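For reference, the structure is listed below as structure tokens.
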Amino acid sequence: MSEVRYISGVRLNTTKSLRELADTVSEEYICINIGCHSLELGEHAVERFVSVAEDTEADMLYSDHWEIVADAEGRPVRRKHPLIVCQKGALRNDFDFGDLLFFRAPSFCKAVEAMDDEYEFAALYDLRLRMDKIVHINEYLYTKVETDNRKSGEKQFDYVDPRNRAVQIEMEKVCTAHLKRIGGYLPPVFKDPDPSDFGQCVFPVTATVVIPVFNRIRTVRDAVLSALGQECEFPFNVIVVDNHSSDGTTDLLSELAKQDGRLIHLIPERTDLGIGGCWNHAVHHAQCGEYAVQLDSDDVYSGPETLQKIVRAFREQRCAMVVGTYEITDFQMNTIPPGIIDHREWTEDNGRNNALRINGLGAPRAFWTPLLRTLNLPNTSYGEDYAIGLRISRDYRIGRIYDVLYCCRRWEGNSDAALDIDKINANNLYKDRIRTWELEARIRKQK
């Protein structure tokens, strides 16, 4: 068998540590445990890595694995941890490769030699972006002990934690350099929204709050009243797209619509709509305003001035989409960790490039309706907002508001509160595909 060096217990997040390792490599392959704990390799696991590496000529490989977790009674349980394919658009720095990375040594050393920045946190991320061919082995080749037992809804905001700001700055720098190398970087040159590009546009109101809903009898009244309670210098309305609720939500909305003519209660004829499809249904409705503003049926605006601030941002920042700031709260409106999510990593110069690295753009989101009617959201219930945000940012400026405009109320009914590994993988795979498609389009645009 080809010579393989197994390395464990070494942190490789700094450029210095990677260089030190590269200087000592004489074997053909390097197998690195990047986790904090020892791993149990499966029978003939190393031979399997070598075999696939030689068959595919891969520069880097990773595999599915087993993990030991505690059950409800605290007893250790072995379960599968499948991973997903690393495609061209898998640019997020938190991509899950597992704890065991397998490299072809010449490729490893060549990539390290090409690094021209001194990183304290992002060196391993830079390394994997420089790998020409990465192969996922969908076989369970080792076992690890899982120590992060938080639910998915608790993990998803790690990247916006202010304590991780220095890490994120480095990660953005690495991603931007990668985009420049492959021709996917976009300079800060934007189109201004021009109504003449979209024919004659006449709108009944200036702004519309769009609320898609399915079976949210517990929360939707608060959302609707929050939207109707906005205080604006312009006319607005609220379109609720009721996706065939069966828990009493429909009757509640019908009663609310009778009490206030600004509330438009729509029930689509179609029964195959996701959240994105519901948004399209609202945006193409004749009563939709010039600006379409998001409010989820679980949540509420932070105050009566939210809509006014969003429309002002559209006009002052000459943008086709606006993203605000939100706060995570419980149902009593008490702030809960991680608190305020403001996405201050966004800059006009590099925000749309860094958007390919992070997993979301923030909330509330608002759109210029003429453009949105042309592009449409994907008819999905996950990632549809991220997809349209990336697409808009390819050509147009995205405006930002850093005041808290929105309260994201966390409860056990949230769709992302506690996802299993298969659902997490499906969500991540879809967003990576969105990034892949957008990256390919940007590379063509630059050519």
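Computed over heavy atoms, backbone and side chain alike; hydrogens, waters and symmetry mates excluded. Predicted model only: the values in this text are computed from it and were never measured.
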Got more than 12 heavy atoms from elsewhere within 6.0 Å of [atom1], [X]?
| X | atom1 | answer |
| --- | --- | --- |
| Glu57 | CD | no |
| Glu118 | CD | yes |
| Lys110 | NZ | no |
| Arg433 | CZ | no |
| Glu73 | CD | yes |
| Arg181 | CZ | yes |

For [Y] together with [X], are the ring centres under 6.0 Å from each other?
| X | Y | result |
| --- | --- | --- |
| His65 | Tyr140 | no |
| Phe102 | Tyr29 | yes |
| Phe190 | Tyr396 | no |
| Tyr62 | His136 | yes |
| Phe97 | Phe95 | yes |
| Tyr402 | Trp346 | no |

task: Begin from the C-alpha positions of Asp126 and Arg130 and carry the test salt bridge (charged side-chain N to carboxylate O under 4.0 Å, His left out) through to its verdict.
output: CA-CA 6 Å; Asp126 191 7; Arg130 293 176 185 273; 2.9 Å; yes
Quick check against the 3.5 Å criterion: does [X] have a side-chain atom that pairs as donor or acceptor with the backbone of [Y]?
| X | Y | result |
| --- | --- | --- |
| Arg5 | Ile30 | no |
| Thr369 | Glu290 | yes |
| Thr143 | Leu41 | no |

Quick one: pull up [atom1] in [X] and [atom2] in [Y] and give me the separation to the nearest 0.5 Å.
| X | Y | atom1 | atom2 | value |
| --- | --- | --- | --- | --- |
| Asp64 | Leu83 | CG | CG | 5.0 Å |
| Thr436 | Leu439 | OG1 | CG | 7.0 Å |
| Leu129 | His178 | CG | NE2 | 5.0 Å |

Phe314 and Tyr291 aromatic ring geometry - parallel, tilted or perpendicular at 30°/60° bounds: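 If you compare the ring of Tyr291 with that of Phe314, the planes turn out parallel.
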- request: Please work out which of the three classes, parallel, tilted or perpendicular, describes the rings of Tyr406 and Tyr326, given edges at 30° and 60°.
  value: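 Rings of Tyr326 and Tyr406: perpendicular, as their planes differ by over 60°.
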task: Kindly give the heavy-atom pair with the smallest separation between Pro268 and Val241, and that separation in Å.
output: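 Residues Pro268 and Val241, closest heavy atoms: CG-CG1, 3.6 Å.
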With Arg409, the salt bridge (Lys or Arg N to Asp or Glu O under 4.0 Å) member among Asp298, Asp299, Asp222: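 One option only clears the test, and that one is Asp222.
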message: Pair Arg397, Glu348 - check salt bridge (charged side-chain N to carboxylate O under 4.0 Å, His left out), show working.
response: CA-CA 8 Å; Arg397 182 181 288 105; Glu348 180 160 326; 3.1 Å; yes
Check whether any side-chain heavy atom of [X] lies under 4.5 Å from a side-chain heavy atom of [Y], and answer yes or no.
| X | Y | value |
| --- | --- | --- |
| Leu266 | His281 | yes |
| Asn215 | Ser246 | yes |
| Lys431 | Tyr382 | yes |
| Ile137 | Phe49 | yes |
| Val220 | Leu253 | yes |
| Ile68 | Val77 | no |

Cationic N near anionic O, under 4.0 Å, [X] to [Y]:
| X | Y | result |
| --- | --- | --- |
| Asp432 | Arg92 | yes |
| Arg391 | Glu438 | no |
| Lys133 | Asp59 | no |

message: Determine whether Thr250 and Asp242 satisfy the following criterion, side-chain hydrogen bond (donor to acceptor under 3.5 Å, both in side chains), listing intermediate values before the conclusion.
response: CA-CA 7 Å; Thr250 300; Asp242 178 5; 2.6 Å; yes
field: Worked verdict on His284 versus Asn376 for side-chain hydrogen bond (donor to acceptor under 3.5 Å, both in side chains)
entry: CA-CA 9 Å; His284 285 276; Asn376 293 314; 2.7 Å; yes
task: Apply salt bridge (charged side-chain N to carboxylate O under 4.0 Å, His left out) to Arg410 and Asp330, showing your working.
output: CA-CA 5 Å; Arg410 308 301 290 178; Asp330 59 21; over 6 Å; no
- request: Quick one: do Arg48 and Glu139 satisfy salt bridge (charged side-chain N to carboxylate O under 4.0 Å, His left out)? Show the steps, please.
  value: CA-CA 10 Å; Arg48 185 58 174 156; Glu139 302 168 10; 2.7 Å; yes
task: Is it possible for you to check whether Arg218 lies under 6.0 Å from the centre of the six-membered ring of Phe331, through NZ or CZ, and within 45° of that ring's axis?
output: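 Cation-pi check for Arg218 and Phe331: passes.
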query: Does the pair Asn350 and Glu172 meet the rule for a side-chain hydrogen bond (donor to acceptor under 3.5 Å, both in side chains), with working shown?
result: CA-CA 9 Å; Asn350 203 48; Glu172 178 177 355; 2.8 Å; yes
message: Can you confirm whether the side chains of Asp247 and Thr249 place a donor and an acceptor under 3.5 Å from each other?
response: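 Looking only at side-chain atoms, Thr249 and Asp247 do form a donor-acceptor pair, the distance falling under 3.5 Å.
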task: With side-chain hydrogen bond (donor to acceptor under 3.5 Å, both in side chains) as the test, would you mind laying out the steps for Glu327 and Ser302 before giving the verdict?
output: CA-CA 9 Å; Glu327 185 172 18; Ser302 60; over 6 Å; no
